[in-house]
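Quantities reported herein were computed from a predicted structural model and do not represent experimental measurements. Reckoned from all heavy atoms, side chains included, excluding hydrogens, waters and symmetry mates.
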Amino acid sequence: MESPSSCLRVTRLALIHAVLAYASPEFTAMSCLPLALPTEIRFRILTHLHLTLSASLLESLNHSLQSALGDLCDSCKAYNFHVYGQNVSDWPEIRVTGGCWCAKIGGHQRPEIARARDRSNSDVCVDAKIRSPMVDSDPPPYFIFHLHHVAVTYLSTASPSPYTREIEAMVTSRAGAKEIDALVLQVLRHFQCCVAPSKTRAWKLEDELCIIPISERPSKGPSDDEILCTLQLALELNRHRNFVSHSKLHPRNMKLTPPLISHPPDSKHLDSNPGSRNISLICGVALACVLFGVKYGSLAAWW
């Protein structure tokens, strides 16, 4: 689908974090303070607060991704690295299931996973919803965990919010793309905007979305450009897009460095001990000398 002439382009991750920062209790409280400040100074304060909240959100997301990586066993990490590359966020076990696949195919399980599976008496991976690797209609599990953590933090404060219902939906056990999209659309509708429809059903953090003004609005209201400009300034979309895309905490910048190939315990111990290597060399030389002496003596006796 072709993009409308008047639209704002932004990645899904940047838009979600811009909305989360805007709907945060800190930003809501600061926006409502009756401070007698010049408009420019007030705008600078809100801009700084918005980007500070965005940095905090990226840290939370990175921590969630680190936790998801830590849930994989060493064998699954090695397999994903050699098959899918060092970018952790591209791994199916991170992007789709959120847990080891080795348990699903009958591989060796870590003790804590085996105990949890025995308690649940289920043949699915622990803490993971098994789906086909080709299904991308939901956010990655680590991103859902990140959103859940953010929503719980927001609801723990006593500050009123016009988006409480949407935030509460994000803490449910079945929260996914529908719940976070509802919050995003509610905030955009406040500015008389929406996300342009797309033919693809995929839901990816790196997707580029097109924000357009809604068609159902008064004819004598502001123009499309004025509406988009107001939204861009309120959500700091330009700064958010640049900040998120260049941040070292962006999921695509998390890469795994492969460990050295491990050896069996006996050979590893032998190779790591210089004394053992020297003894083996001496024994080998001595055995060769003995065999040579026996052979030489036999030849002398024969002559």
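When atom types are taken as modelled, the side chain of Ser64 and the backbone of Tyr142 share a donor-acceptor pair closer than 3.5 angstrom. Within the 3.5 Å criterion, the main-chain N or O of Val244 finds no donor-acceptor partner in the side chain of Ser247. At distances below 3.5 Å, at least one donor-acceptor pair connects side-chain atoms of Arg241 with backbone N or O atoms of Arg9.
Under the 4.5 Å side-chain heavy-atom criterion for grouping Ile, Leu, Val, Met, Phe, Trp and Tyr, Met170 is connected to Val195 within one hydrophobic cluster. A single hydrophobic cluster is seen to contain both Met254 and Leu61, as judged by linkage of ILVMFWY side chains at heavy-atom distances under 4.5 Å, directly or through other members. Hydrophobic clustering (side-chain heavy atoms under 4.5 Å, transitive across Ile, Leu, Val, Met, Phe, Trp, Tyr) groups Leu205 together with Leu249. Transitive grouping of hydrophobic side chains (ILVMFWY, heavy atoms separated by less than 4.5 Å) keeps Leu8 and Leu51 in distinct clusters. Residues Ile16 and Tyr163 fall within the same hydrophobic cluster, defined by Ile, Leu, Val, Met, Phe, Trp and Tyr side chains chained together at heavy-atom separations under 4.5 Å.
Looking at heavy atoms from C-beta onward, Trp91 lies in side-chain contact with Leu256 at the 4.5 angstrom threshold. Using a 4.5 Å heavy-atom cutoff, the side chains of Thr11 and Ser245 are not in contact. Between Phe43 and Leu233, the closest side-chain pair of non-hydrogen atoms falls below 4.5 Å. Residues Phe243 and Leu58 are in side-chain contact: their nearest non-hydrogen atoms beyond the backbone lie under 4.5 Å apart. Residues Thr164 and Tyr154 fail the side-chain proximity criterion, which asks for heavy atoms closer than 4.5 Å. Side-chain atoms of Pro213 and Leu231, non-hydrogen and from C-beta on, never get closer than 4.5 Å to each other. Annotation: side chain of Phe143 is in contact with side chain of Leu13 (closest heavy-atom distance under 4.5 Å). Side-chain contact between Pro222 and Thr230 is absent, with no heavy atoms from C-beta onward closer than 4.5 Å.
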Problem set entry | Pair Asp207-Lys204, side chain to side chain contact (heavy atoms under 4.5 Å, CB included): steps then yes or no | CA-CA 5 Å; Asp207 287 341; Lys204 298 180 180 180; 3.5 Å; yes
For this session: Give the intermediate values and the outcome of side chain to side chain contact (heavy atoms under 4.5 Å, CB included) for residues Ile211 and Cys194.
Result: CA-CA 6 Å; Ile211 304 175; Cys194 65; over 6 Å; no
Problem set entry | From CA spacing to verdict: side chain to side chain contact (heavy atoms under 4.5 Å, CB included), Asp90, Arg95 | CA-CA 6 Å; Asp90 288 339; Arg95 181 172 53 87; 5.6 Å; no
For this session: Could you go through the side chain to side chain contact (heavy atoms under 4.5 Å, CB included) check for Lys255 and Val88 one step at a time?
Result: CA-CA 6 Å; Lys255 304 182 186 300; Val88 174; 5.9 Å; no
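The salt bridge (Lys or Arg N to Asp or Glu O under 4.0 Å) contacts involving residues 27-42 comprise Glu40-Arg44, where partners must be two or more places apart or lie in separate chains.
For Arg165, the CZ atom is loosely surrounded, since the number of other residues' heavy atoms within 6.0 Å does not exceed 12. Other residues, nucleotides and ligands place no more than 12 heavy atoms under 6.0 Å from the NZ atom of Lys178.
Between Leu228 atom CG and Leu237 atom CG the span is 9.5 Å, to the nearest 0.5 Å. Residue Asp71 holds its CG atom at 11.5 Å from CD of Gln66, rounded to the nearest 0.5 Å. Note that the CZ atom of Arg12 and the CG atom of Leu209 stand 4.5 Å from one another [nearest 0.5 Å]. Taking CG of Leu188 as the reference point, atom CD1 of Ile227 lies at 12.0 Å (rounded to 0.5 Å). Between the CG atom in Leu155 and the OG1 atom in Thr157 there is a gap of 7.5 Å [rounded to 0.5 Å]. Distance check: Leu57 CG to Asn62 CG gives 12.5 Å after rounding to the nearest 0.5 Å.
Phe27 and Tyr22 have tilted rings, their planes meeting at an angle from 30° to 60° on a 0 to 90° scale.
Pairing each heavy atom of Val19 with each of Leu235, the nearest pair is CG2-CD1, 4.3 Å. Summarising the geometry of Val171 relative to Ala151, their closest heavy-atom pair is CG1-CB, 3.4 Å, with the distance given to 0.1 Å. Summarising the geometry of Ile167 relative to Ala23, their closest heavy-atom pair is CD1-O, 4.3 Å, with the distance given to 0.1 Å. The two residues Asn80 and Pro92 have their closest heavy-atom pair at OD1-CD, 3.7 Å. Nearest heavy-atom pair, His149 versus Ser60, reported as atom, atom and distance to 0.1 Å: CD2-OG, 3.6 Å. In terms of heavy atoms, Leu72 sits closest to Glu93 at CD2-CB, 4.2 Å.
For the residue pair His17 and Ser54, no side-chain donor N or O sits within less than 3.5 Å of a side-chain acceptor on the partner. Between the side chains of Ser89 and Asn87, at least one donor N or O lies within less than 3.5 Å of an accepting N or O.
The ring of His63 has its center no closer than 6.0 angstrom to the ring center of His146.
Ion pairing between a basic and an acidic side chain is recognised when a charged N comes within 4.0 Å of a carboxylate O; Glu236 and Arg239 show such pairing.
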